[in-house]
Amino acid sequence: MKFTEDHEWIRLEGDIATIGITEHATVQLGDLVFVDLSDAEGDMSKGDTAVVVESVKAASDVYAPLDGEIVATNEALNDNPGLVNEDPMGDGWLFKMKLANAGDLDALMDEAAYKALTD
Amino acid sequence: MRNPSKGFGRCCLEGARSMSSAQQTSDLKTTPLYDLHQELGGKMVPFAGYSLPVQYPLGVLKEHLWVRQSAGLFDVSHMGQIWLRPKAGGSLDDVCLALESLVPQDILGLRVGRQRYAFFTNEAGGLRDDLMVAKTPDASGQDALFLVVNGACKAEDLAHMQAEIGGRVDIEMLDGRALLALQGPAAEAALAAHYPGVVDMTFMQVGHFDGPLGAVFISRSGYSGEDGFEISVAADQAEALARALLAHDAVEPIGLGARDSLRLEAGLCLYGNDLDPSTSPVEADLVWGMQKARKAGGAREGGYPGWSVIAPQLADGPAVKRVGLKPEGRAPLRPPIDLFAVEALSQPIGRVTSGGFGPSAEGPVAMGYVSAQLAQPGQRLYASQRNKAMPVLVAALPFVSQRYKR
């Protein structure tokens, strides 16, 4: 599993990366009340806004962590955005990407480096 | 996402508008409950020049729901508490008439022991601030008016009163005195355990109470839409009172985040968002708060700043009007956002001034200003957010029925 400075995690299986936000991020945001997946489609460049997560008080952008094509979104979040709070690294995943260059992942943080960032 | 811990930076609270984003934490004032907020795990943010908790570990959503079902304790000590008293040889009526020269309310006719919602207007008919005015003896028994004004506006309000009526009225802004709000259906029982007399109070009644936790001045009011109280207490007694109230299982500490979502669901305006110097009380749909005696044909018609602008609006209706807005989808609206009559988003006909998620309404809720001809409940409009046209319906306020003790 890899991490970004923007508090996203990336898990690669084959050539498909699953992306979500970290537990640290969910604790800071508080209970999510809406996840906007409507723009998560097609080709994305690193840094493009893929998803917007909304807590009671604020909206926060979640970015494409690397170049690639979005191939799936977590439709369960439409009915239950709280899944992200309950299980941020599991059932609360946000979207899946087919990475343009899987090698790009190497530049991201490992768990120890991310933990050092947030401690 | 960037800085999730700063996630509340995009929220629209009273203080956010009045402070530069560059303001350093070290410039912030603290309330008498600052240490207690820290101990309780409050996430402190700048608000109206003070460091105040936006939420506690329970989180905004659960704090909001807790207030609606039980009771919540809020620190609103940033608000200004002001006594207006007669000058030597003057009377309470002189004080009332002096204040009436600044507000469109009937202060002379307010009964002793009662409080009333009011607002300072400007010469353009806009709103300088909104406030509560109580007619009550002070702690020493002298006839007086007691005002509670917004924290972000209190210095300007004080200067305004000193300049306009300072020659006729003694004005005392209390320094450092705490103000606690206890809101929710369980508020009465919790407060009555320490001040039994509060059970006899009705909505907007005020009084002095004494007990083992000290002498306090209490109003049965608040800004959550629930029954509740605001308690003015000496700074050095505030923490003991807060701890005594929090010792009740029914009472949880509540931050500014839930205060905002509670008042929005209750259809109550936040100065700086929904009310400002370019918005008149008629446009803001606050005519219910302007009594007959000060309107055309009343005993003391007009006689406050902006009357020449407000009078024709009262007679003919305003060009724009504050309304409730219910998004048809699930996405909350985060102002500032323009509103349009058509999905093509050409020519704005209004704007969203408060918006967010209503935990008790179980969906997004908002309010804003629209052209008067589009202000009927059920009217479909479109909000422009994230480059999309989001359908919203004009809705009757409040979103959640108010439960005051009448």
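Bear in mind that the values here come from a model prediction, so they are computed numbers and not experimental data. Every chain is numbered from 1, with letters handed out A, B, ... down the list of sequences. Reckoned from all heavy atoms, side chains included, excluding hydrogens, waters and symmetry mates.
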With a sphere of 6.0 Å drawn around [atom1] of [X], does it hold more than 12 non-hydrogen atoms of other residues, nucleotides or ligands?
| X | atom1 | value |
| --- | --- | --- |
| Lys388(B) | NZ | yes |
| Lys62(B) | NZ | no |
| Asp249(B) | CG | no |
| Gln402(B) | CD | yes |
| Gln38(B) | CD | yes |

Spell out the residues in residues 33-43 of chain A that have some non-hydrogen atom less than 4.5 Å away from a non-hydrogen atom of chain B, in order of number; otherwise answer 'none'.
Val33(A), Phe34(A), Asp36(A), Ser38(A), Asp39(A)
Applying ring pair (Phe, Tyr, Trp, His ring centres under 6.0 Å), which residue pairs with at least one partner in residues 69-90 of chain A are found, sequence neighbours left out?
none
Which residue pairs pass the salt bridge (charged side-chain N to carboxylate O under 4.0 Å, His left out) test with at least one member in residues 69-84 of chain A, sequence neighbours excluded?
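Passing the test, one end in residues 69-84 of chain A: no pairs.
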Between Ser55(A) and Arg334(B), what is the shortest heavy-atom contact and its length?
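It is O-NH2, 2.7 Å.
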Please name all residues satisfying side-chain hydrogen bond (donor to acceptor under 3.5 Å, both in side chains) with Tyr114(A), sequence neighbours left out, ordered by chain then number.
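Tyr114(A) satisfies side-chain hydrogen bond (donor to acceptor under 3.5 Å, both in side chains) with His7(A), Thr22(A) only.
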To the nearest 0.5 Å, how far apart are CZ in Arg330(B) and CG in Leu77(A)?
13.0 Å
Note: vs chain A, highest number of non-hydrogen pairs under 4.5 angstrom among Ser261(B), Pro359(B), Ala331(B), Gly59(B) is Ala331(B)
Is a side-chain donor or acceptor of Lys43(B) paired with a backbone partner of Gln28(A) at a separation under 3.5 angstrom?
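Yes.
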Checking heavy atoms, do the side chain of Val52(A), its backbone, both or neither come under 4.5 Å from chain B?
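For Val52(A), the side chain is the part near chain B, not the backbone.
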